[in-house]
Amino acid sequence: MEESRLQTDSLFTPFSHGSLKLANRFAMAPMTRGFSPSGVPGDDVAAYYRRRAAAGVGLVITEGTYIPDPAAGPMRSVPRFYGTESLDGWRRVVDAVHAEGGVIIPQLWHTGVERGDHPKFNPEVTTVSPSGIALDGSPMGRALATAELDTLLEAWVAAAVNAKDLGFDGLELHGAHGYLLDQFLWERTNTRDDGYGGSLEARVRFPAEVVAAVRAAVGPDFPIVYRFSQWKSNQYDARLAHSPAELERILTPLVDAGVDILHPSTRRHWVPEFADLTGRDGELGLAGWTKRLTGVPTITVGSVGLDDVFTTVFTGDGKARTTGIDRLLRQFENDEFDIVAIGRALLSDPLWVQKLRDGRTDEHVAFSNEDRAKLY
Ligand SMILES: Cc1cc2nc3c(=O)[nH]c(=O)nc-3n(C[C@H](O)[C@H](O)[C@H](O)COP(=O)(O)O)c2cc1C
């Protein structure tokens with residue numbers, strides 16, 4: 001017990017970057033729940049986040065929440081980030097987390113082509129994306145006209161302004177997993193020839209414009225976190241960057257546009273990102289590379305404390321158990337990340353961070369697929 005308490009001490013040191021001040025290095029990863037009828041987060045949602053903040057989660061990143069565009073996503077029960085009722089609900093969420101001394105940012109989300117052909121929310125609106133191409137390469141919905149990009153940009157900005165007005169402590173832009181911003185970055189889903197597609201620089205242009213517009217709207221002191229990933233939903237071998245040089249060409253414009261903190265999403269935090277490289281370079285994970293190439297604070301994520309990847313939540317029937325976090329601690333000591341996001345472990349056990357701090361990992365409640373249904 002004593003030994004594990006001492007080992008994890010480094011992760012319980014405060015984090016500070018600009019106006020973002022966290023009591024420790026643990027974040028709750030953004031996790032969609034779909035428990036907000038008509039897009040309005042209720043008191044149960046506030047209680048769900050409050051519980052984690054009260055139990056020592058340094059930074060709560062909310063589930064993805066739709067920006068004000070009618071084609072932002074397919075589900076009626078995903079919370080929206082616009083409209084009086086939804087925003088009032090979010091205000092109660094913010095207040096609940098703050099009442100526990102917690103820090104909270106929303107994850108702003110547009111699903112693009114992942115909205116699919118049969119959305120339940122706004123079914124009369126056609127699904128839009130960079131090129132009308134689904135993640136598997138098949139045609140879907142329609143491509144955004146160049147003139148429409150400005151309107152879409154305004155939707156991101158409006159959501160960002162809402163985050164600030166509601167008293168959130170920053171915001172996260174969901175640019176990962178094959179959703180809209182990621183669809184611009186990925187060559188399979190972006191075949192545009194209007195300056196927003198083609199080279200890596202052209203593909204990163206719209207995401208960077210979103211960051212710049214959001215930064216201009218929220219001012220210099222409001223933290224902007226940007227989540228990105230190599231993998232896409234059901235396309236786990238997909239890659240945006242095949243080398244550190246390519247990764248740098250993606251991340252530098254985003255940081256230059258105003259990103260404070262990068263959040264590379266991986267399914268296993270310990271997997272080397274460019275394993276073909278030799279020596280230390282061949283061992284470094286995506287978070288480590290992100291931090292090394294940009295110098296900005298970085299959030300690592302992916303099966304932390306668990307022995308099974310999270311996508312089995314959707315496909316398998318396995319249980320994931322708590323495992324040692326020695327690897328994570330070594331990465332932290334090597335300055336490969338600043339904050340660690342915990343996903344499933346915090347679903348099954350709201351007290352997960354507290355128990356880790358107190359050396360009570362034997363009391364961690366194991367994650368199982370039934371927790372996907374509970375998501376309490
Ligand atoms: C039920 C569930 C919902 C998720 N929803 C989101 C989401 O809304 N936005 C997002 O960026 N990632 C989402 N993720 C991915 C998580 O944020 C996280 O990256 C992933 O679960 C890996 O972390 P873990 O292994 O600690 O669970 C979701 C994961 C799960 C299990």
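Every number for a ligand or one of its atoms is a count from 1 in the order of the listing. The structure displayed is predicted, hence computed values, not measured ones.
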Looking only at distance, does [X] have an N or O less than 3.5 Å from an N or O of ligand 1?
{"X": "Trp109", "result": "no"}
{"X": "Gly343", "result": "yes"}
{"X": "Thr266", "result": "no"}
{"X": "Arg344", "result": "yes"}
{"X": "Pro30", "result": "yes"}

**Q.** Polar contact flag, side-chain donor to acceptor under 3.5 angstrom, Arg188-Gln235
**A.** yes

Other residues, nucleotides and ligands only: do more than 12 of their heavy atoms fall within 6.0 Å of [atom1] on [X]?
{"X": "Lys120", "atom1": "NZ", "result": "no"}
{"X": "Asp193", "atom1": "CG", "result": "no"}
{"X": "Arg76", "atom1": "CZ", "result": "no"}

Q.
On a heavy-atom basis, I'd like to know which of His269, Gln107, Glu63, Arg268 is closest to atom 9 (N) of ligand 1.
A. Gln107

**Q.** The one among His174, Met31, Arg227, Glu172 that brings a heavy atom closest to atom 12 (N) of ligand 1
**A.** Arg227

Over-ring placement of [X] relative to [Y], 6.0 Å and 45° cut-offs:
{"X": "Arg52", "Y": "Tyr48", "value": "yes"}
{"X": "Arg267", "Y": "Tyr236", "value": "yes"}
{"X": "Arg80", "Y": "Phe121", "value": "yes"}

With a 4.0 Å heavy-atom cut-off (strictly under), which part of [X] contacts ligand 1: side chain, backbone, both or neither?
{"X": "His177", "answer": "side chain"}
{"X": "Val301", "answer": "side chain"}
{"X": "Arg267", "answer": "neither"}

(Q) Quick check on Gly302 - does any of its heavy atoms sit under 4.0 Å from an atom of ligand 1? (A) yes

Q. Quick check: does any side chain N or O of Asn334 sit under 3.5 Å from a backbone N or O of Glu336, one acting as donor and the other as acceptor?
A. no

Q: Would you check, one step at a time, whether the test ring pair (Phe, Tyr, Trp, His ring centres under 6.0 Å) holds for Tyr66 with Phe81?
A: CA-CA 6 Å; Tyr66 294 156; Phe81 214 67; over 10 Å; no

Q | Contacting atoms of ligand 1, where contact means under 4.0 angstrom from a heavy atom of Ala29 | A | 17 (O)

Q: Could you tell me which atoms of ligand 1, counted from 1 in the order shown, lie closer than 4.0 angstrom to a heavy atom of Ser303?
A: 24 (P), 25 (O), 26 (O)

